[in-house]
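Throughout, protein chains are lettered first and strands after them, A, B, ... in sequence-line order, and every chain is numbered starting at 1. Computed from a predicted model, the values in this text were never measured in an experiment.
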There are 2 protein chains.
Amino acid sequence: MKSTIEEVALVLKLLGDKTRLKMVKILESRECCVCELVHLFDMSQPAISQHLRKLRDVGLIFESRRGQWVYYGLNRQYENFPFVCTLLNQLPSQEGLLESLEKQGLRVLCD
Amino acid sequence: MKSTIEEVALVLKLLGDKTRLKMVKILESRECCVCELVHLFDMSQPAISQHLRKLRDVGLIFESRRGQWVYYGLNRQYENFPFVCTLLNQLPSQEGLLESLEKQGLRVLCD
DNA sequence: TTATCGTATAAGTAAATGCTTATATCCTTA
DNA sequence: TAAGGATATAAGCATTTACTTATACGATAA
């Protein structure tokens, strides 16, 4: 079933911010913890948290605490996920960012 | 070639407004003059003009004056048109709005 | 020319947005 | 229990946004 124009407009508004759009594209590759994302954006940690909250509030991403870290990932059960997916498919991959994080030894692994 | 994240974010921001998104979906069906659009939205004429201007400024729609009327239509040559198209395809048709305009005798025809 | 219709622009405003710094909370570990 | 790291929340602020009303502009027609 198609979403209403209003619903779609809200999703587009949410993703109409370069920081959030990039975040979502990154989280499409793999879950990340907040401190990893802080390293990927030239922005304060609270700013990152606030963007993540907006994305989580609508259900587009999920949160999972692991020890003292909080991981976020794309919620593929989100009602508008298929729609979001067609958007993300048209974006250039951001996996290089994650690779360079690892090269810098900034990847957080807590298992 | 894929657009950058920044470019896409700007397009999404532009379409992340329910009025503009609906406008663009309507203009996908056919060109409309400003006064027709004014009838379709519960908003002043200047507000409609201002939305149209934003859409035109990026090149997503074009303007064509016909007598004292100004028509707007989707610019299918817009650089991100294919992207916009995949968005519009996922929206419910708004052609019913145009039909009811015609039933009310509010369709403007200037040929 | 003047009146009128359709549209655009100008100016003002309330609300939303995206950041900042400061501080609180939560978890782990010594 | 106390300290410290990771994250969230609070409060403040400058900018942007989406409207409004008033007015200017452009085309048509009496």
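- The cluster map of Ile, Leu, Val, Met, Phe, Trp and Tyr, joined by side-chain heavy atoms under 4.5 Å apart, puts A:Val84 and B:Leu10 in different clusters.
- Spacing between atom CE of A:Met23 and atom C1' of D:dT7 amounts to 13 Å, rounded to whole angstrom units.
- B:Gln90 and A:Thr86 are linked by a side-chain donor-acceptor pair at a separation below 3.5 angstrom, with hydrogens and angles left out of the test.
- In this structure, the CG atom of A:Leu21 is 16 Å from the C1' atom of C:dG18, given to the nearest Å.
- Distances shorter than 4.0 Å separate none of the side-chain N or O atoms of A:Arg53 from OP1 or OP2 on D:dA8.
- In this structure, B:Phe41 reaches neither bases nor backbone, as no heavy-atom distance under 4.0 Å exists between it and the strands shown.
- Whole-Å rounding puts the B:Trp69 CH2 to D:dT28 P distance at 9 Å.
- For the atom pair OH of A:Tyr72 and CD1 of A:Ile48, the computed distance is 11.5 Å after rounding to the nearest 0.5 Å.
- For the pair B:Gln68 CD and D:dG26 C1', the interatomic distance rounds to 9 Å; values are reported in whole Å.
- The nearest whole Å value for the distance from the OH atom in A:Tyr71 to the C1' atom in D:dA6 is 12 Å.
- Following rounding to the nearest Å, B:Arg65 (CZ) and C:dT7 (P) show an atom-to-atom distance of 8 Å.
- Checked by atom type and distance alone, the side chain of A:Gln50 never pairs as donor or acceptor with a backbone atom of A:Ala47 at under 3.5 Å.
- Without hydrogens or angle criteria, A:Lys2 side chain to B:Asn89 main chain gives a donor-acceptor distance under 3.5 Å.
- Whole-Å rounding puts the A:Glu63 CD to C:dC27 P distance at 11 Å.
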How would you summarise protein contacts on nucleotides 13-20 of chain D per nucleotide, using B for base, S for sugar-phosphate only and - for none, with heavy-atom distances below 4.0 Å?
----SSBB
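- One atom, CD of B:Glu36, and another, P of C:dG6, lie 12 Å apart when rounded to the nearest Å.
- Side-chain N or O atoms of B:Arg20 include none that pairs as donor or acceptor with a backbone N or O of B:Leu55 at under 3.5 Å.
- The closest donor-acceptor contact from the side chain of B:Gln68 to the backbone of B:Arg66 lies at 3.5 Å or more, if one exists at all.
- Looking only at distances, a side-chain donor or acceptor of B:Arg65 sits under 3.5 Å from a matching main-chain atom of B:Gly67.
- Between the side chain of B:Glu79 and the backbone N or O of B:Gln77, no donor-acceptor pair lies under 3.5 Å.
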Determine which bases of DNA chain C form Watson-Crick or G-U wobble pairs with both distances under 3.5 Å, and write the result as a 5' to 3' dot-bracket string with | for other-strand partners.
||||||||||||||||||||||||||||||
